[in-house]
Amino acid sequence: MAGTPGRLRAVGIVSVVATLLFGLAAGQAFRSADGALERAAANSDQLVRIQAIQNHVVQADADATNAFLVGGLEPAAQREDYTGAVAAASQLIAEAAQHQPADGNALGALNRALVAYTSQVEQARANNRQALPIGAQYLREASADLRATALPLLKNLGEANNARVAEEFDRAARAALWLVVPGLLALVVLGLALVWLARRTRRYVNLPLAAAALVVLVTMVVGTLGLLAVKEGVDTTRDGVYAATLSTAQARVAGFNAKSNESLTLIARGSGEAFEKAWQTSNTAVNAELTELGENPASSGMSPLPWSEYAEVHQEIRRLDNSGEWDKAVALATGTGNATFAAFDTTSDEQLVALSGQTAQQLDDAGGWLPVSGALGLLAGLVAAACAWWGVSQRLEEYR
């Protein structure tokens with residue numbers, strides 16, 4: 001390592017290390033972006049799964065409370081819808097626990113709350129079939145306990161998974177830093193090596209070393225442009241179909257809450273002001289989400305969700321109930337009210353499935369090329385390292 005040959009070897013070693021580190025960083029940049037997109041898609045699926053659980057839970061409560069208005073043995077179709085919603089919620093809880101172990105404890109508590117709720121509903125049904133007034137109290141307590149235990153758990157789970165999605169989106173957007181910072185450092189090292197060699201050897205350009213710098217520069221520029229395109233795609237997905245997916249799911253949850261509170265208001269027979277206020281709160285939430293959907297370009301080709309038709313029927317239900325025509329209000333709630341709400345349920349469910357599928361597809365399209373690019377980035381570092389050592393070794397040969 002003494003004298004000029006020693007310095008040449010030092011320059012070669014530093015250049016090789018810098019380019020190898022760049023290759024590793026380039027591979028990591030693409031792998032980091034690819035992994036972030038995969039985790040974002042997985043957490044997005046989990047979020048949709050959690051919201052589906054919440055939809056099924058409030059759907060079951062809406063079915064139970066609405067069927068209770070009929071008195072005696074509830075309609076078979078509505079009973080089937082209730083049991084189907086409970087079964088679907090239970091199955092999704094198990095699937096969610098399998099896909100995201102971090103949610104395991106909360107999902108276990110949620111499952112226990114759902115079991116307790118269904119037990120209370122069965123007590124209410126048994127009393128209702130015998131025309132015992134205490135059945136209404138059991139149902140109110142079941143619905144209240146559901147909102148005090150299960151729904152807060154679901155809200156926290158949704159927020160946790162939404163935060164995970166946002167974190168992975170941000171990580172994918174920052175992946176270019178893995179490429180730019182090491183790339184600039186490698187270029188500085190190679191540039192200094194070229195200048196030192198030019199002064200020491202009286203030759204203007206060391207072609208292999210210049211080729212190494214060119215490989216690093218091209219890889220960094222092309223890779224950065226590609227990762228910026230990924231960031232743009234991620235931002236488009238986050239502000240477009242992903243946001244529309246969240247709005248649709250939240251509108252469904254608020255809608256089922258409203259339907260449940262409508263029934264609870266009628267069950268209370270003149271003392272359901274608190275339930276009507278809850279209906280108004282849910283109605284405001286649905287309209288807010290529908291406004292968000294209307295302003296989101298991702299939902300521009302979709303038909304508006306038919307919430308206003310149901311809301312108009314609800315106003316007529318309240319008018320009849322407030323004027324003392326309770327029987328007519330119940331008939332409207334269990335007839336036309338159910339039909340208009342079913343239209344909202346079906347349309348919003350179809351839209352949610354379509355939007356969640358588009359979210360997964362867009363994330364896959366944004367990063368489909370990243371695994372191959374990771375291997376190419378590492379290869380570029382190896383090629384640059386070989387060129388750098390070749391360039392220095394040419395000068396070393398002159399001292400042999």
Side-chain angles (χ1 to χ4, degrees), residues 30-56 88-89 91-93 95-100 102-103 154-175 226-255 285-286 288-305 344-371:
F30 296 116
R31 284 193 297 271
S32 174
D34 184 50
L37 290 180
E38 287 183 0
R39 291 188 296 273
N43 286 316
S44 176
D45 287 343
Q46 180 74 348
L47 178 60
V48 171
R49 203 173 287 115
I50 294 298
Q51 290 171 329
I53 294 170
Q54 190 167 2
N55 283 329
H56 287 305
Q91 180 178 349
L92 284 171
I93 289 172
E95 291 178 7
Q98 182 180 5
H99 283 86
Q100 180 53 273
D103 295 338
L154 285 162
K155 181 175 181 292
N156 292 337
L157 283 167
E159 290 175 351
N161 281 282
N162 190 29
R164 292 187 191 113
V165 174
E167 181 182 353
E168 297 302 340
F169 279 159
D170 291 340
R171 185 170 287 133
R174 294 194 301 267
L227 289 173
L228 288 177
V230 169
K231 178 183 181 302
E232 183 178 354
V234 166
D235 290 341
T236 300
T237 300
R238 173 164 41 188
D239 299 334
V241 292
Y242 178 69
T245 300
L246 292 183
S247 293
T248 304
Q250 290 163 0
R252 280 176 57 78
V253 171
V286 173
E289 297 300 341
L290 294 184
T291 300
E292 291 286 337
L293 279 171
E295 296 172 353
N296 193 321
S299 59
S300 58
M302 298 181 175
S303 301
L305 298 181
F344 168 77
D345 175 20
T346 301
T347 306
S348 61
D349 182 53
E350 292 173 351
Q351 179 168 302
L352 181 60
V353 170
L355 288 170
S356 60
Q358 289 178 31
T359 299
Q361 185 61 51
Q362 286 192 13
L363 290 176
D364 185 60
D365 292 343
W369 54 274
L370 289 172

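- Rounding to the nearest 0.5 Å gives a distance of 10.5 Å between OG of S356 and CD of Q351.
- Atom-to-atom distance recorded for E38:CD and R31:CZ is 12.5 Å, nearest 0.5 angstrom.
- Closest of all the heavy-atom pairs between V165 and S44 is CG2-N, 3.5 Å.
- When atom types are taken as modelled, the side chain of Q46 and the backbone of A96 share a donor-acceptor pair closer than 3.5 angstrom.
- By the ring-ring contact (aromatic ring centres under 6.0 Å, His included) test, F344 is found to be paired with W307, F341, residues two or more places apart in sequence or in another chain being considered.
- At distances below 3.5 Å, at least one donor-acceptor pair connects side-chain atoms of N55 with backbone N or O atoms of V253.
- Using modelled atom types, one finds no donor on one side chain facing an acceptor on the other under 3.5 Å when comparing Q100 with N161.
- Side-chain contact check for T237 and Q362: at least one donor-acceptor pair (N or O, by modelled atom type) lies under 3.5 Å.
- Contact check for L227 versus L370: side-chain heavy atoms found under the 4.5 Å cut-off.
- Residues A175 and A33 approach most closely at CB-CB, 3.7 Å, considering heavy atoms.
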Checking R164 against D103 for the salt bridge (charged side-chain N to carboxylate O under 4.0 Å, His left out) test, could you report, in this order, the C-alpha distance in whole Å, the side-chain angles of both residues, the deciding distance, and whether it holds? CA-CA 12 Å; R164 292 187 191 113; D103 295 338; 3.2 Å; yes

Verify side-chain contact (heavy atoms from CB on, under 4.5 Å) between L37 and V230, making sure each step is shown before the conclusion. CA-CA 9 Å; L37 290 180; V230 169; 4.0 Å; yes

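- In this view, E168 and R39, R171 satisfy the salt bridge (Lys or Arg N to Asp or Glu O under 4.0 Å) rule, not counting sequence neighbours.
- Distance check, rounded to the nearest 0.5 Å: OG1 of T248 to CD of E292 gives 11.0 Å.
- Checked by atom type, the side-chain pair D365/Q361 shows a donor-acceptor distance below 3.5 Å.
- Of the inter-residue distances, the one linking N43 atom CG with N162 atom CG reads 10.0 Å to the nearest 0.5 angstrom.
- Judged as a salt bridge (Lys or Arg N to Asp or Glu O under 4.0 Å), the pairs with a partner in residues 228-238 (not counting sequence neighbours) are, in order, D170-R238, K231-D235, D235-R238.
- Contact annotation: the side chain of I50 approaches that of I53 to within less than 4.5 Å [non-hydrogen atoms, C-beta and beyond].
- No side-chain heavy atom of N296 sits less than 4.5 Å from a side-chain heavy atom of V241.
- For the pair V286 and Q250, the minimum side-chain heavy-atom distance is 4.5 Å or more.
- Contact of the L157 side chain with the L47 side chain is not registered, since no non-hydrogen atoms from C-beta on lie closer than 4.5 Å.
- Rounded to the nearest 0.5 angstrom, L293 CG and T245 OG1 are separated by 9.0 Å.
- When the salt bridge (Lys or Arg N to Asp or Glu O under 4.0 Å) test is applied to D45, no partner is found at least two apart in sequence or on another chain.
- Contacts classified as ring-ring contact (aromatic ring centres under 6.0 Å, His included) and involving residues 235-255 (residues at least two apart or in different chains) are given here: F169-Y242.
- Note: L92 CG to H99 NE2 = 10.5 Å, rounded to the nearest 0.5 Å.
- Residue pairs meeting the salt bridge (Lys or Arg N to Asp or Glu O under 4.0 Å) criterion with at least one partner in residues 345-356, sequence neighbours excluded, are R252-D345.
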